[in-house]
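Comments concern the structure below.
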Amino acid sequence: MKLKILLTALLLGISSAAARPDHPAEHQLVTVRVTYQDWNEYRPWQKTKPGSRRFFGIVVPGNRILVLAHNLNNATLIQVEKFDRPPRVPARIIHSDSQANLALITVDAPGFFDDLNAVDLADSMELNNPYCASWKSGQLTTASCRFSQVVVRSSFVPHFNYAGIYFITDLKGGGRGEPLFSGDQLVGITRSQDNDRIVVFPAELIQAYLNAVDLPRYPGFAQLGINWQTNRGLAQSKFLGLDGPARGIRVRSCIPGGSADGVLLPNDLLLELNGHAIDSQGDYMHPRYGWLNFTLIPSEGHYAGETIPARVLREGKELELDLLLKNIPPTAALIPASRTEQPPPYLVAGGLVFRELDTPYLRAWGDDWEKNIPARLRIYKEMENRAYPPNEHLIILTDVFPDEYNLGYHDLAQNIVVAVNGRPITSITALEAAFQHPEGAFHVIELSKSYDISKIILDAATFEDATRRIMKTYQIPARIRVRTKTE
Amino acid sequence: MNRLFKLGGLLAVLLCYSPTLRAEGGEPSVVKIVNQYNSFSWYTPWDSGSTGKGTGSGFVISKKRIMTNAHVVSDSAMLLVYFYNDPTPYPAKVVAIGHDCDLAVLELEDPTRMEGIPPLEFDGLPAIRSRVFTYGYPAGGKRISSTAGVVSRIEIQPYVHSGVDQHLTVQTDAAINPGNSGGPVVQNDQVVGVAFQGSSQLENMGFFIPTEVVQHFLTDLADGTYDGYPELGLFSAKLENPAARAYAGMTDGETGIRVEHLARGCSADGVLLPGDIITEINGYPVANDGTIRWQGLRLDNAFLIDQFQKGERVPMRIIRGKERMELEVPLSFYNPNPWLAKRYEQRPEYYIYAGLVFVPVNRETLETYGKNWYAEINQELIYDFYYRPIEEGTPFDEPLIMQIRRLDHAVNAEEARYLYRIVDSVNGQPAHTLQDVASAFESCTNAQQVIRFKYGNKLTVLDREKADAAHPEILNQYSIPKDRNL
């Protein structure tokens, strides 16, 4: 391990305490308060009960404040406080990267930044008595931290891998963007806390993000985009054409649109990436952190758009390939993992509620959603790792608002729509268009074959009247929302 | 409606296998049955079975025969029958068992004990609200117990013993408790049903198998073998919406259900077509909600199919492409239900090569994954087992093989391990059955044994010579007497 931790950190073992009154962090750390309101995934025309969040922002050069991006989700009001004291001043988002989970906000009020100072980002991992700082009741408090390990983690919003640094800490209720200092230098920003363990985004990721924001066009971070298996076994290694000790990993498949798509092939042994040798369980020697998983390489010091070399063994021959790094948007999947800023697209037709199927919808089943969602949706979610055309989504019939018009269909829920009036349905826009072309006197909605009904027939002549009547009865304000952004 | 393949049915509970028993007599025609069972594990299929004792009830139906529930005598290693006021156990054997209708017939090894015992006679379906009595040996009691109640409801319900079947049931508030299973339900001194299951959702309610189902079982059995219920393989839609009826060209007053799709290979496959409207089955008009009227009851139309035996023909009236027509659906012997059902009296099949354990994908092997297996297991298994046959029209009984375990050894421990994954091929040979897998491994002359899994391009490779050499060593180490039961 190349990381040097001074013993003093352990010996001092400082617990949470008010920092000295003139601590430099007082002028580098602000409190952010956000009021937010999430979409009601089940009733996509309305929002859920508003809530509020309090978290921390770190002052960075250019009169900007660095925060964790997820804290800004569905914000209806953003306010910043200096020294954890009034006044609360309105702030606005400058930039947000939901994958890296970092965002910049600023305050337009003149003179706001006059008594604030930008943090100094650490350029090494030499830790000297590291501690977390946060505001509590108008006082700056610090909590001692002890380095634990570095682990390559996948971001909550796919697809991004980062080196998460784990510390054991005295901090309570952290993970809200508290800065982690060594001396007066910023080592990282606290991403999450689980009991006494915090995960910190390292300074180099913060620096890479700040550099990227300053580019004329934000490139985003890249992801290799492969499914792979280890190559520890000598029998497999030999089968794949490698003599000598096992090394490299076996590519099982490439995620469509990812960096590896079309460059690496299934069954390739990936031996090196960007000059780093990959061992048989997928680790490489990180210059500072030691052995880490190779999926970190494409985002370590690189942005989408750059090219890195890869060495593979393909059908017994070693090949040197150029990998153009690409960002894989979180929306790129049959069931998108996130919608970013897009409210859920939906359509109410004859009392039947249709919407695009995405992971936020599935999450509405609660903490154990993966176990509790309907069986067929669980299969779609788990087996979706296949080629999917861009901008095509699964459309789901979520439920039915009962009316005489839709008699016989009142209990339908969670069915996948295949076609309407003979037209294949892959978006709300396509669904709306298909309802303009009834099959004679009927609307024919074809559902994915199941143990349930697979064809819904509705009367076309009274369709629009019924839709209006049902919307009135059940107080549905708007019939349709289409996707405003295309990826 | 369809009887096929219900994932559910988990709420009902079978009413036997109470672990304790104390025996003494009772009504002469009602017996107590003690089942010394032996059931094998599908997770460690080479192990000897887990043994135990369960008790249930039964009743004499002829000079030689005793009727009871299938679940009372399943997985039996030894059966003992106790008669009224007689402490002597009489060894018995199962002569016929219908897991799909949860009924079985026993005979004594020595039939002389049955002489002089009056067989009980069957009557038809009891009227709703009429009074019935149960007889049996609930909760390990020594003396026969009788309870009384009324007929609460007559309906098609899941038969939980097989996990996939549904037939007519009668619900009663006469207490039916563990140990009552297989006992007669009596009205006016005649048997109107066989007590068999309860429901965890309903308090003080029990279910019995009506004589319609009992007679179907006995009629089927008349030729000496039990073939089981025929399977139409019909997935249908109700037509409660007027637009759905108009779309099908139905006139006012016409009622029926629409054929959505048909299970491949089942009786109606190729006879009925998707989009057909079934208006009448065996002379009974089918209502828009899929029910028929029978003896004053509203029952699901599946009840009518249950009246037939395999090999018979069901007359139907249908609308096809707006043409009214009559046809007959010949009921074939093919029924994929047992494939999807729980398995009894079977030695689990498996094949081991160099520590890799392969088993067929079936209800029993899937359930080895744990209580919430259907939600937590790799979903490719659920898709291929339950959904692909519907969505892609493949047969429900298409065989699938999965790797269930790996017995670690230096020869396999470093190689990729994929458990509860469907095997696609071994050394390039398709792996549909354990025989396929065994012959692909054993006929291999390559340097490596290559196992490919069906989804995700997953691969396991073993060095053939080393694996061949390690194979007996692994069996010995893990104390496995045989490497296969194909």
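Chain letters run A, B, ... following the sequence lines, proteins first and then strands; every chain starts at 1.
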Chain A heavy atoms under 4.5 Å from [X]: which part of the residue, side chain, backbone, both or neither?
X	answer
Asn241(B)	both
Lys458(B)	both
Leu459(B)	both
Ala413(B)	backbone
Tyr247(B)	both
Val450(B)	side chain
Asn412(B)	neither
Glu380(B)	both

*Should the pair Tyr451(A) and Phe396(B) be assigned to parallel (<30°), tilted (30 to 60°) or perpendicular (>60°) ring geometry?*
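Tyr451(A) and Phe396(B): tilted rings.
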*Please name the pair of heavy atoms, one in Ala235(A) and one in Asp463(B), separated by the smallest distance, quoted to 0.1 Å.*
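Looking at all heavy atoms of both residues, the closest pair is CB-N, 3.3 Å.
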*So, for Gly456(B) and Arg252(A), which heavy atoms are closest and what is the spacing to 0.1 Å?*
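Heavy atoms of Gly456(B) and Arg252(A) come nearest at O-NE, 3.0 Å.
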*Return yes if some donor-acceptor pair links the side-chain N/O of Glu414(B) with the main-chain N/O of Leu234(A) below 3.5 Å, else return no.*
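Checked: no pair found.
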*Ignoring hydrogens and geometry, is there a side-chain-to-backbone donor-acceptor pair from Gln229(A) to Ala416(B) under 3.5 Å?*
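No, the answer is negative, given that no donor and acceptor are paired below the 3.5 Å cut-off.
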*Of all of Ser454(A), Gly408(A), Ala246(A), which one pairs up most often with chain B through heavy atoms under 4.5 Å apart?*
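That would be Ser454(A).
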*Residue Asn372(B) excluded, over 12 heavy atoms near CG under 6.0 Å*: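 Count over threshold, so yes.
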If you count heavy-atom pairs within less than 4.5 Å of chain A, which of [options] leads?
options	value
Ala244(B), Ala447(B), Pro242(B)	Ala244(B)
Arg464(B), Glu240(B), Gln448(B)	Gln448(B)
Gln449(B), Gln379(B), Glu391(B)	Gln379(B)

*Rounded to the nearest 0.5 Å, how far does CZ of Arg376(A) lie from CD1 of Ile382(B)?*
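Ile382(B) CD1 to Arg376(A) CZ: 11.5 Å, rounded to 0.5 Å.
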*Is the closest side-chain heavy-atom distance between Arg258(B) and Ile457(A) below 4.5 Å?*
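Heavy-atom side-chain distance check passes, below 4.5 Å.
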*Student check: side-chain heavy atoms of Glu382(A) and Tyr383(B) closer than 4.5 Å*: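 No, their side chains stay 4.5 Å or more apart.
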*Could you walk me through whether Asn227(A) and Asn457(B) pass the side chain to side chain contact (heavy atoms under 4.5 Å, CB included) check?*
CA-CA 9 Å; Asn227(A) 295 303; Asn457(B) 190 23; over 6 Å; no
*Are any of the side-chain nitrogens in Lys449(A) or Glu260(B) under 4.0 Å away from the carboxylate oxygens of its partner?*
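So Lys449(A) does not pair with Glu260(B) through a salt bridge.
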